[in-house]
Amino acid sequence: MYSKQAKHFHKIPLSILDLAPITEGGTVRESFKNSTELAQHAEKWGFNRYWLAEHHNMPGIASSATSVLIGHIAGATTTIRVGSGGIMLPNHAPLVIAEQFGTLESIYPGRIDLGLGRAPGTDQATSYALRRTLNSSPEEFPQQVAELQHYFKDVPTARVKAYPGQGLNIPIWLLGSSGFSARLSAQKGLPFSFASHFSPDYTLPALKLYRENFQPSEVLQKPYAMVGVNVIAADTEERAKWLATSQQQQFLSLGRGEPTPLKAPVEDINEIASSYEQAALQKSLDPRTTIIGTKDTVKEKLQQFQEETNADEIIISSQIFYQEDRLRSYEIIAELMK
């Protein structure tokens, strides 16, 4: 527990993690249109950053070409930071990522974040299709991060250089859902983002690891930790709980190995989930990090989680089927920042 020094969440930055959901009956084009609209509202409402996540072979997630979509969102906004939450580095040659983000930073200077994950963000067959080999493993992640950092140096010593990329100050974050990236972030003196929104039980141990082992670097003098939270906010508790069944169905389909587009809400999730699946939902979508309800409920639970983690920033994911409800959910959250 870190409550003795806890910050109030309305005094720390709040950000958005967008999975660019493809809804059942909808199209990828509509997904991108909705994400652009949300980013423009987020900028107006005062959110700090807007991150997009790399996933593959997922019919309900449109952000597979993450760098391309980051450029699209950055081009449709003017001040909000835009980045990856994250790029799954084992899927890519570090040089390619250096060039892509060097390009983005050159077009949108001072606004691009590069969050890196070590999981593939997909299944093994898709990993092979992405890399053409499985020789590159998550265990090589530290070396891949070091190579990527080298490309951004002012005077890299390697023969191969990133143009654009060399000499650019692009913030690198490490993302994690366990202790591995927490320890690596600490060793490298980098900001760290923990996926509390789907790995709630490991949140406090990972943050403790990060803070206790942190070594100051030229980019960061003290630890900076961001935590992920799911929030489904609405004007009534009933509507919020109803809207939340879309995300619950998404977790059910993933657990069954049958990912689908984001489904419309249902009246009773227990009618389509077995008792075992209901228990798994409760564990993955823990009420501490999956907050469902009205403004007052969201305020209370966000504050509780902030006191528990003492996070420097909170990044919020909201898998909501209807675009108007997704916008309203983030508008309610934005009202809490004032």
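- Distance check, rounded to the nearest 0.5 Å: CD1 of I97 to CG of N91 gives 9.0 Å.
- Counting only N and O atoms by type, the side chains of Q247 and N230 include a donor and acceptor under 3.5 Å apart.
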Discussion item. For L116 and L114: C-alpha separation, side-chain torsions, deciding distance, then whether side chain to side chain contact (heavy atoms under 4.5 Å, CB included) applies.
Written reply: CA-CA 6 Å; L116 301 171; L114 176 48; 3.6 Å; yes
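- Enclosure of atom OH in Y202 is not indicated, since only 12 or fewer non-hydrogen atoms of other residues, nucleotides or ligands lie within 6.0 angstrom.
- Within 6.0 Å of the NZ atom in K241, the count of heavy atoms belonging to other residues, nucleotides or ligands does not exceed 12.
- Between K188 and Q149, the side chains place a donor N or O and an acceptor N or O closer than 3.5 Å (distance only, hydrogens not considered).
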Name every donor-acceptor pair, under 3.5 Å, that has one atom in a side chain of residues 314-322 and the other anywhere in the protein, sequence neighbours excluded.
from	atom 1	to	atom 2	distance (Å)
S318	OG	V231	O	2.6
S318	OG	Y330	OH	3.4
Q319	NE2	Q250	OE1	3.1

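- More than 12 heavy atoms of other residues, nucleotides or ligands sit less than 6.0 Å from atom CZ of R256.
- With K263 contributing its side chain and T260 its backbone, the two residues share no donor-acceptor pair below 3.5 Å.
- Stacking of R118 on the aromatic ring of F180 is recorded, both the 6.0 Å distance cut-off and the 45° axial limit being met.
- Take Y224 and apply the ring-ring contact (aromatic ring centres under 6.0 Å, His included) test, not counting sequence neighbours, and it matches W173.
- Judged by distance alone, the side chains of S177 and S199 never bring a donor and an acceptor atom under 3.5 Å apart.
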